[in-house]
Amino acid sequence: MEHYDHEKIEKKWQKYWEEHLELFAADDESDSEKQYILDMFPYPSADGLHAGHVESYSATDIISRYLRLRGKNVIHPQGWDAFGLPAENFAIKTKTHPSLTTQKSIATFKRQMKILGLSYDWSREVDSSSREYYKWTQWFFLLLYKNGLAYRGKGKVNWCLKCQTVLANEQAEGGVCDRCDTQVFQKDLEQWFFKITDFIEKKDKTRGLLGGLDDIDWPEHTKAAQKNWIGKSEGAEFEMEIKNSNLKIEVFTTRLDTVFGMTFALIAPEHELVQKLKQQIANWDEVEKYIEQASKKSELQRIAEEKEKTGVELEGIKIINPFTKKEIPLFTSDFVLGHYGKGAVMAVPGHDCRDYAFAKKFGLPIAEVIKSKDGKSSIEKEAFVDDGILSNSREYDHMTSEEARKRLAEWLEKNKIGRKTVNYKIRDWLVSRQRYWGAPIPIIYCDACGTVPVPEEDLPVLLPDDVNFMPHGESPLAGSKKFQDVKCPKCGAKARRESDTMDTFVCSSWYYFRYADPHNKKEFAAKDKIKKWLPVDLYVGGAEHTVLHLLYSRFFTKVLHNLELIDFDEPFLKLRHQGTVLAEDGRKMSKSLGNVINPDDVVAKYGADALRMFEMFMGPLEDMKKWDTKGIIGIYRFLDKVWKIKSKVQISNIKSNPESKIRTFLHKTIKKVTEDIEKLRFNTAISALMIFLNEAEKEQIPQEFFEKFLILLSPFAPHMAEELWSQLGHKKSVFTEKWPEYDKDIVKDEMIELVIQINGKLRDKISVPADISEDDAKSQALASEKIKTFLAGQEPKKVFFVKGRLMNIVI
RNA sequence: GCCGCCGUGGCGGAAUUGGCAUACGCACGACACUUAAAAUGUCGCGCCCAAAAGGCAUGUGGGUUCAACUCCCACCGGCGGCACCA
């Protein structure tokens, strides 16, 4: 018998679906319950779809098709995260304009999505590099600006002297430029920032970025990563006097309980106080040299040199510990970060590893002020960093660390030199990029009026075409006269445009709103459309976005909520990450290793239905998995069997025998597949379909049953389901059908195999009615020959009975 | 270092959330069909034992329980995130 012709069938139905867009379109008018099923919109690379894309898109396609069959009004859109550095680099390499290469890549992606039979509502497609889209990205910038959430500030960035450009952190690994291998320097540049730090904690109407995490169904590790990134730490800050100076030094600590062990203090090299103390520093030349060296190092380098602490004493400077009134020295060291806390710390070498290492290297005293509860702790070889009981701390002796922190903070407040406080690792979001392929920042600089936002009616600020996007020292947009020279919108004088573009993460922070109303020319999306479709019910995408994109999107949503433009606070109610699909050799798929699986090839050989289903069958959605070229044959055989079993179907309208085994089986399968899809457990749903088919092969099954099976199969293998459905004489698509319901009474077994254990070990199984009573089960069990042998005449001490499951006899 | 996740046959994985460990699939073996191969079908497939009976098995060691892959503790191994954050 012939195998099924996947190519012919798939082409036929893909064409049919193109002609019947209403099958998968989200209906703005319908009153039925909406479901927003979203894929992270891809960056359209020249390489085409990756096996990982196929995995997540198949998953959301299954869910979307399933929900539509359940009568839900599903919105399942797709679009393109089209701006970004890879396109620009590719453009530089090939000397082609990035819009050309991007459009070509989009065409490839879209073609591949279509041959996979993905049921997107293409009428809602968005492209973040289109002027219709980035007009609203710019509008969002202005919205933030007008509400004091976008500001211009100085920030340290990685700067390559040779390429004359700013580099992203990931392009400056090891402190060396990615492109030319020369050293990267830290440079202070004025940049645009978004005030994401304003939204860490509850603010007016919204729960903060921290608190909001409690309300959403996200993977634990993703929530943990976001919390980690925000890096909240509670402690205290206080000021210390500098001897013979009216200046003061402020420090932050989480271990106020250890203050009596402070034997010196540390300050970041870039701290302004160092400059202010210049006159009093005896060894200024040495200090200046150290500061110079430190500024040349990138943060990455500082970390790489972790093994050895460096630093210089600010000779002539003495700090007064406010608790002990003792004088201590001040050092500057690059392991103290200027941007965190107060940029200066109290050093307690006895109870902090870094301070310990520093004290050892510079021969500074180490004091012990905390003992472990058992009194056995020692600071001889290393710092004791745990909480414990205070000692050598005057009236605070014998207190626990926790209590001492409370009391010491009270003392600080009473004496007005400090207070309890909270610090965060997260910094404001730097959104300026000195790049071409992004959305221009809609700002104009005027000598008279200063920083002037572009009026909304002038948006979009178009990305100019007449620029040299090769790296040449400044933002490529600065090279376009046409772009640069403008009139000030306020006074009409000659002015200059901001020449930086926005980080592509700005574009991707709001795209899920646009799908609700993609062609709106007056708003980023109309209020009623947003109300209808958002928030997103299920969001599926790669785990590489655990922090950046997902955090930024939450920030945008919170901004909109706070401004009362939307009535929800979290954009993505349920989030799942698809696991990485590794190459067959267990390594990451990469072009250079030549181990990439191209979906086109697999579709050509086995068909889209087989590829989609196989990727779902490989394992749980979120698990990392290895591609297995041989494995797909199993799914192919299954589909082939479905194809062939059609000829065995009893085509008649006779009533199915209510007692028939296959009926019970069908209902169990409906139950299992339904529940598994709801839980995104596609691997076991597919296995249930296989089990049903294996059973069905053994006998003739009524058409009515086979049809229900086809509906169950349709979200997984839509082409085959459509084809067989039409071959059975149906005129309309299988996707206009209703998802089958199972009958609770049919699913329930009448007779069950009751497991009989003795002392927890399986000894026999007896066939009994499902609702058998304990007494009846016991007498039947004890009557079993096998059980009699094992009991050997002994009386059971106790009998445990789990209804419908098992009986455990303890002797 | 801190945080999070994971460890089950030759392989991918399943196990109703504490109740028959290894469903489903791959690979492998035997047989059937075939001139032959492929395809397809039937059967077998954790380990020990010739087999039956039985025993042993979910990274390792302990604990709780009538009962542990599942819960608790310790250790070993792997993956991911953050990382000189005071």
Side-chain angles (χ1 to χ4, degrees), chain A residues 1-3 219-233 235 237 251-255 258 266 299 302-307 309 333-337 339-348 351-355 357-358 385 423-427 543-544 546-547 577 579-580 614 617-620 622-635 637-638 640-641 644 672 675 681 683-691 693-694 697 753-765 786 789 796-811:
Chain A
M1 204 183 212
E2 269 177 53
H3 294 293
E220 263 327 301
H221 71 269
T222 306
K223 289 189 188 183
Q226 293 217 349
K227 279 187 190 160
N228 217 329
W229 182 263
I230 293 167
K232 180 176 185 170
S233 63
E237 60 185 38
V251 296
F252 170 74
T253 180
T254 55
R255 292 300 305 274
T258 66
L266 290 159
E299 213 161 286
R302 286 190 185 187
I303 295 160
E305 283 169 11
E306 196 179 332
K307 322 124 212 167
K309 294 270 182 290
S333 175
D334 65 8
F335 86 81
V336 179
L337 307 170
H339 56 74
Y340 183 76
K342 294 284 166 187
V345 296
M346 62 176 210
V348 185
H351 305 284
D352 180 281
C353 315
R354 296 151 301 174
D355 298 348
F358 194 89
V385 297
N423 257 298
Y424 303 93
K425 286 189 212 173
I426 191 173
R427 284 178 266 167
E544 68 274 18
T546 48
V547 177
H577 302 295
T580 318
F614 178 57
F617 187 63
M618 287 200 298
E622 308 208 56
D623 284 13
M624 187 185 277
K625 30 198 114 57
K626 245 191 277 178
W627 179 261
D628 177 14
T629 300
K630 278 184 177 156
I632 194 171
I633 195 79
I635 294 288
R637 283 179 191 144
F638 164 76
D640 210 29
K641 278 199 245 177
K644 284 168 186 163
K672 176 79 177 149
E675 289 172 355
R681 283 152 58 153
N683 55 332
T684 49
I686 292 168
S687 122
L689 292 170
M690 288 172 165
I691 293 169
L693 191 75
N694 291 344
E697 274 185 325
E753 292 263 278
L754 188 75
V755 169
I756 312 296
Q757 297 181 327
I758 294 176
N759 289 341
K761 287 199 167 144
L762 175 72
R763 293 306 182 194
D764 199 11
K765 287 181 192 176
K786 270 188 163 178
T789 319
K797 277 196 198 122
K798 206 161 181 189
V799 174
F800 290 86
F801 179 66
V802 184
K803 201 165 181 179
R805 287 269 154 76
L806 59 60
M807 168 166 284
N808 189 11
I809 302 166
V810 184
I811 49 170

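Hydrogens, waters and symmetry mates play no part in the numbers below; they use all other heavy atoms, side chains included. A, B, ... follow the sequence lines: proteins, then strands. Residue 1 opens every chain. Small disclaimer: the values here were computed from a predicted structure and weren't measured.
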- Task: Output yes when at least one side-chain N/O atom of R637(A) is less than 4.0 Å from OP1 or OP2 of G25(B), else no.
- Result: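 R637(A) to G25(B) OP1/OP2: no side-chain N or O under 4.0 Å.
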
- Message: Is K761(A) close enough to C56(B) that one of its side-chain N or O atoms is under 4.0 Å from OP1 or OP2 there?
- Response: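 For C56(B), OP1/OP2 do have a side-chain N/O of K761(A) under 4.0 Å.
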
Once you round to the nearest 0.5 Å, how far does [atom1] of [X] lie from [atom2] of [Y]?
{"X": "K644(A)", "Y": "L693(A)", "atom1": "NZ", "atom2": "CG", "answer": "11.5 Å"}
{"X": "D628(A)", "Y": "F617(A)", "atom1": "CG", "atom2": "CZ", "answer": "11.0 Å"}
{"X": "I686(A)", "Y": "I691(A)", "atom1": "CD1", "atom2": "CD1", "answer": "12.0 Å"}

If I pick the [atom1] atom on [M] and the same atom on [N], what distance separates them, to the nearest angstrom?
{"N": "U16(B)", "M": "G29(B)", "atom1": "C1'", "value": "34 Å"}
{"N": "A21(B)", "M": "U35(B)", "atom1": "C1'", "value": "47 Å"}
{"N": "C43(B)", "M": "G80(B)", "atom1": "C1'", "value": "44 Å"}
{"N": "U34(B)", "M": "G44(B)", "atom1": "C1'", "value": "23 Å"}

- Classified by glycosidic angle (syn within 90° of 0, else anti), G9(B) comes out syn

- Quick check: does any side chain N or O of R255(A) sit under 3.5 Å from a backbone N or O of V385(A), one acting as donor and the other as acceptor?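 Present.
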
Taking any heavy-atom pair under 4.0 Å as a contact, classify [X]: base, sugar-phosphate, or nothing.
{"X": "M624(A)", "value": "sugar-phosphate"}
{"X": "N759(A)", "value": "nothing"}
{"X": "I633(A)", "value": "sugar-phosphate"}
{"X": "P219(A)", "value": "nothing"}
{"X": "K630(A)", "value": "sugar-phosphate"}
{"X": "T253(A)", "value": "sugar-phosphate"}

- Task: Tell me which of Y340(A) and A225(A) sits closer to the 5' end of RNA chain B, going by the nucleotide each one is nearest to.
- Result: A225(A)

- Query: Taking for each residue the nucleotide of RNA chain B with the nearest heavy atom, is it H221(A) or K786(A) whose nucleotide lies nearer the 5' end?
  - Reply: H221(A)

- May I have the distance from M618(A) (atom CE) to G25(B) (atom C1'), rounded to whole angstrom?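 So the CE-C1' distance, M618(A) to G25(B), works out to 13 Å.
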
- Task: Kindly indicate whether a cation-pi arrangement holds for K309(A) with F335(A), taking the cut-offs as under 6.0 Å to the six-membered ring centre and within 45° of the axis.
- Result: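 Judged by the rule, K309(A) and F335(A) form a cation-pi pair.
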
Between the protein and nucleotides 43-49 of chain B, which nitrogen or oxygen pairs come in under 3.5 angstrom?
none

- Query: Has the side chain of K797(A) got a donor or acceptor atom sitting under 3.5 Å from an opposite partner on the base of C66(B)?
  - Reply: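 Looking at the base of C66(B), it does not pair with any donor or acceptor on the side chain of K797(A) (distance under 3.5 Å).
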
- is_close_aromatic(W627(A), F614(A)), centroid dist under 6.0 Å: yes

Detail all sub-3.5 Å separations between protein N/O atoms and N/O atoms belonging to nucleotides 15-23 of chain B.
{"unit_1": "A15(B)", "atom_1": "OP1", "unit_2": "R681(A)", "atom_2": "NH2", "d": "2.8"}
{"unit_1": "U16(B)", "atom_1": "O2", "unit_2": "R805(A)", "atom_2": "NH2", "d": "2.5"}
{"unit_1": "U16(B)", "atom_1": "N3", "unit_2": "R805(A)", "atom_2": "NE", "d": "3.3"}
{"unit_1": "U16(B)", "atom_1": "N3", "unit_2": "R805(A)", "atom_2": "NH2", "d": "3.4"}
{"unit_1": "C20(B)", "atom_1": "O2", "unit_2": "K765(A)", "atom_2": "NZ", "d": "2.3"}
{"unit_1": "C20(B)", "atom_1": "N3", "unit_2": "K765(A)", "atom_2": "NZ", "d": "3.4"}

- Hunt down any stem RNA chain B takes part in, defined as 3 or more consecutive Watson-Crick or G-U pairs whose two distances are each under 3.5 Å.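 The stems that RNA chain B takes part in, listed by first number, are B:1-7 with B:76-82, B:10-12 with B:24-26, B:28-32 with B:40-44, B:46-48 with B:54-56, B:59-63 with B:71-75.
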
